[in-house]
Trainee: 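Below you'll find the structure I mean.
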Amino acid sequence: MTEPQHAAPDGPTPATPDHADPPSSGPGGVSPRGLSEAQVRERVAAGRVNDVPQNTSRSVGEIVRANVLTRFNALIGSLFALVMIFGAWQDGLFGGIIVANSAIGIIQELRAKRTLDRLAVVGEAQVSVVRDGEARELHQQEVVQGDLITLGTGDKIVVDGPVVSSSGLEVDESLLTGEADPVHKRPGDELQSGSFVVAGSGAFTAAKVGGDAYAARLTEEASRFTLTRSELMDGINRFLKYVTWLIVPTAILLFVSQFRSAGGASNAVTGAVAGVVTMIPEGLVLMTSIAFAVGVVRLGRRQTLVQELPAIEGLARVDVLCVDKTGTLTEPGMDLDQIVPLDDDLPGDRALAALARTDPDPNATMLAVRDGLDIADPGWTRETAVPFSSARKWSGASFAGRGSWVIGAADVLLSADDPARTKAEDLGSTGLRVLALVRVPDGAFAEPDRLDVAATARPALLVVLRQRIRPDAKETLAYFDRQGVKVKVISGDNPASVGAIASTLGLASAEHPVDARSLPSGVEEMAGVLEANSVFGRVTPQQKRDMVAALQARGHTVAMTGDGVNDVLALKDADLGIAMGSGSDATRAVAQIVLLDNRFSTLPYVVGEGRRVLGNIERVANLFLTKTVYSIILSVLVGLMHVRFPFLPRHLTLISTLTIGVPAFFLALAPNAERARPGFVPRVLRFAIPAGVACGVATFAGYWIATRNLNSSFEEDSSSSTISLFLLALWVLVLIARPWNWWRLGLVAAMGAAFLIVLAVPWLRHFFALRPDNFVNDAYGLGIAAIAAVLLTLVLKGLKQQTITGSTPTRR
């Protein structure tokens, strides 16, 4: 059955099988009328309010500090100071990196912060409280100590306090204790924030609010705007750690060699700084942050709340998408199609009307029945009730002098040999949803979890509901099929009904739905069934969790969508949890991504954004790490051969800007639909190391030949090396920009044109200390660069072919 939408009770709480009606005031002497306005004002003035700061994003101060006070800025700032003391100011151009990195990072993260904070408010679940005897919907921050809070199925508990009244109230505390079994709560029992209601209804008193509540501590770390816990960022941090280890010995070697060969401390410092600055991939973290932040903003425009930033990265890796039929393939809500009587001697129609019209917390099924029935309220008095549970798959109530009645899944309540069950299955196979209403013996609700309804039930009628299929569901499923993402429909409904709906939407293998009650319990055996089939019905909440684990054990990256409390366990364990905005508070709380507009068709854009971010970051990483490798190669060769470093800092600033800085900005934000592949770190190294070695060795070889020419000056030798390195780095950019299109080739051409302008304009040529006057040196340098470019292309092609034919792990 679908998950209920909670409605605050407006009358006395009905009795339950395990306790009597509560007295007029519950634990703590709370009045059933709740607090008065005067009491609320008094508590607000005293600061006894549930005012917990929103932690969906960093504060402005934290953003500024995080982008300014970085080890890169400290290192580059120190090198900038050395150049300003010992060298020419033109060689300090790289100091602008500090301002650019910090400004761009701050601006982009502030944009992401505004988007996150705005969407967090939109997606925030409200709390139902009773004040002055009236039910009110409040923001969580408006709850005060002593408020009487009413609960319905699916509600998240946001503050701590004792239960005042309970109508079959069952709470899932798995987020707190790790135990998945729901806990029955009676008056006087404590509720802790961070748990949520899975069945029944009730009310409790807000005893601990704000920072004193468990929720404040639970969500403080879970909802932070952060780039940590990201496999991608872990890989980048590994690169940075390796670079840091190499910088110190290389810098020492370079300074000593420059002091001996460059003639004086000033030239030695300038040469050493030029080598060290180029080793630092200062823009890599920046571009990664920008790509993530822009991803948040883009998804925010589509009413998608990213609650954990690394979730964007997870989107790109998803290869299996598990969807719950209700709320995903079908729209929330149903319509009553028909009533099929089974026993004319039973007052089934009146019992159905009584169940629907006396339910204080109706779920979507009972709302559809209540709205579709043309039978008046028979006026039966409800005595005991058992709320709907996903585990039981039924709900029931007993009425004074009218017996006990249960409504739920037909294949659960009817025995296998009952002709009514066959009729229900025939109806369900057409895509309709079929429930059975049965009468059970009096006293059957004493232990509802142990009640075998099918063995004792007397069928009264079938309730046939028509589900509303989302108009965008078929196109969305077709998108995932084209992208190689396997979709598994996992539902608690009748398998035939689920299969019929999935078949109409064109889902592969939907014509063979599997009844989850027949699934093997072993992980490997269950995984085999999951791999071979697409539609599963009668799945319990625990089974959903087990199915996610089985798919993960087969090496899949699993995303799970859902909107009800029966999806929470699976959402928590999936690699990526995606909740519908109209779903229960609990699902929105545990999901990494919330689709606030409830549109299943948004998912292709969400997955596409993840792929864009991850694919572009890999391109950017290739650029920056190639620069790091060739700068280390050059520095080591210069140090070992005891020659002057071939570049001034301004030369490398020019090369880095035109072949890395500007292109990386465009590449990081460009469209990219390439599916994420395993092995981010090895793949980047397979490109960056050969590319860096080719650039470094070829450039140094040309420079070494130029230094043997006694008729050339250092400025001419340096200019030849600058041209050679620029052309090689530009060729690396060409290789990284594949597959080529008009704007990528245009970007490469624009960078080449900019370099030609620098060479052609006298004052720019003078500013960058370029003198390409020695044609012999230039010819040697260009020839060696051309040979290196050809060899690099062949090597990379061979490595790519080897990767394709070799085996790679299936998980990242």
Side-chain angles (χ1 to χ4, degrees), residues 3 156 172 174-175 178 180 196 198 222-223 229-232 299 304-329 390 476-477 480 483-492 516 519 523 526-527 529-531 533-536 539-581 583-595 600 602-604 606-607 609-611 614 675-676 678 810-812:
E3 287 66 44
K156 179 184 174 184
D172 188 311
S174 60
L175 291 176
F196 53 91
V198 293
S223 60
R229 302 187 307 277
S230 158
E231 194 170 337
L232 175 65
L299 290 176
T304 301
L305 172 60
V306 181
Q307 304 202 98
E308 294 181 17
L309 207 56
I312 291 181
E313 172 189 341
L315 292 171
R317 297 197 175 98
V318 168
D319 60 352
V320 174
L321 174 64
C322 298
V323 300
D324 180 37
K325 173 184 67 65
T326 307
T328 304
L329 302 183
S390 297
T476 305
L477 290 177
F480 285 119
Q483 295 297 317
V485 177
K486 301 297 182 183
V487 176
K488 308 292 182 183
V489 181
I490 299 176
S491 175
L519 283 176
V523 172
M526 180 183 287
V529 178
L530 290 169
E531 294 274 17
N533 298 276
S534 299
V535 177
F536 303 86
V539 186
T540 66
Q542 183 59 45
Q543 276 184 314
K544 288 187 178 184
R545 188 182 199 179
D546 295 339
M547 293 166 87
V548 168
L551 288 167
Q552 290 172 330
R554 281 288 180 99
H556 293 292
T557 301
V558 183
M560 175 78 192
T561 71
D563 65 347
V565 292
N566 61 323
D567 301 318
V568 170
L569 296 175
L571 285 171
K572 280 169 51 187
D573 287 357
D575 295 288
L576 187 69
I578 304 171
M580 296 293 174
S584 68
D585 301 350
T587 55
R588 294 199 302 273
V590 301
Q592 289 87 25
I593 290 177
V594 181
L595 304 179
F600 184 46
T602 304
L603 275 180
V606 173
V607 173
E609 187 61 29
R611 293 183 174 183
L614 204 63
R675 181 176 166 184
T810 55
R811 278 181 67 86
R812 300 182 64 161

Trainee: What I'd like to find out is whether the side chain of Val607 reaches to under 4.5 Å of the side chain of Val318, using heavy atoms alone.
Mentor: no
Trainee: Is the closest side-chain heavy-atom distance between Val487 and Ser534 below 4.5 Å?
Mentor: no
Trainee: Closest approach of Val485 and Val320, non-hydrogen atoms and distance?
Mentor: CG1-N, 4.2 Å
Trainee: Give the intermediate values and the outcome of side chain to side chain contact (heavy atoms under 4.5 Å, CB included) for residues Phe600 and Leu477.
Mentor: CA-CA 9 Å; Phe600 184 46; Leu477 290 177; 4.2 Å; yes
Trainee: If I compare all heavy atoms of Gly562 with all of Asp324, which pair ends up nearest, and what's the gap?
Mentor: CA-CB, 4.5 Å
Trainee: Can you spot which of Lys486, Glu531, Lys488 makes a side chain to side chain donor-acceptor pair (under 3.5 Å) with His556?
Mentor: Glu531
Trainee: According to side-chain hydrogen bond (donor to acceptor under 3.5 Å, both in side chains), who are the partners of Asp546, at least two apart in sequence or on a separate chain?
Mentor: Gln542
Trainee: Applying side chain to side chain donor-acceptor pair (under 3.5 Å) between Asp575 and each of Gln552, Gln592, Arg317, report the one that passes.
Mentor: Gln552
Trainee: Using the side-chain contact (heavy atoms from CB on, under 4.5 Å) criterion, which residues pair with Val539? Sequence neighbours excluded.
Mentor: Ile490, Ala516, Phe536, Gln543, Lys544, Met547
Trainee: Distance check, rounded to the nearest 0.5 Å: Ile593 atom CD1 versus Leu576 atom CG?
Mentor: 4.5 Å
Trainee: State the SG-CG distance between Cys322 and Leu571, to the nearest 0.5 angstrom.
Mentor: 10.0 Å
Trainee: Leu551 and side chain to side chain contact (heavy atoms under 4.5 Å, CB included): which partner among Thr557, Asp319, Val558, Val523?
Mentor: Val558
Trainee: Thr561 and Val323: which non-hydrogen atoms are nearest, and at how many Å?
Mentor: OG1-CA, 3.3 Å
Trainee: State which residues pass side-chain contact (heavy atoms from CB on, under 4.5 Å) with Ala574; sequence neighbours excluded, sorted by chain then number.
Mentor: Val548, Met560
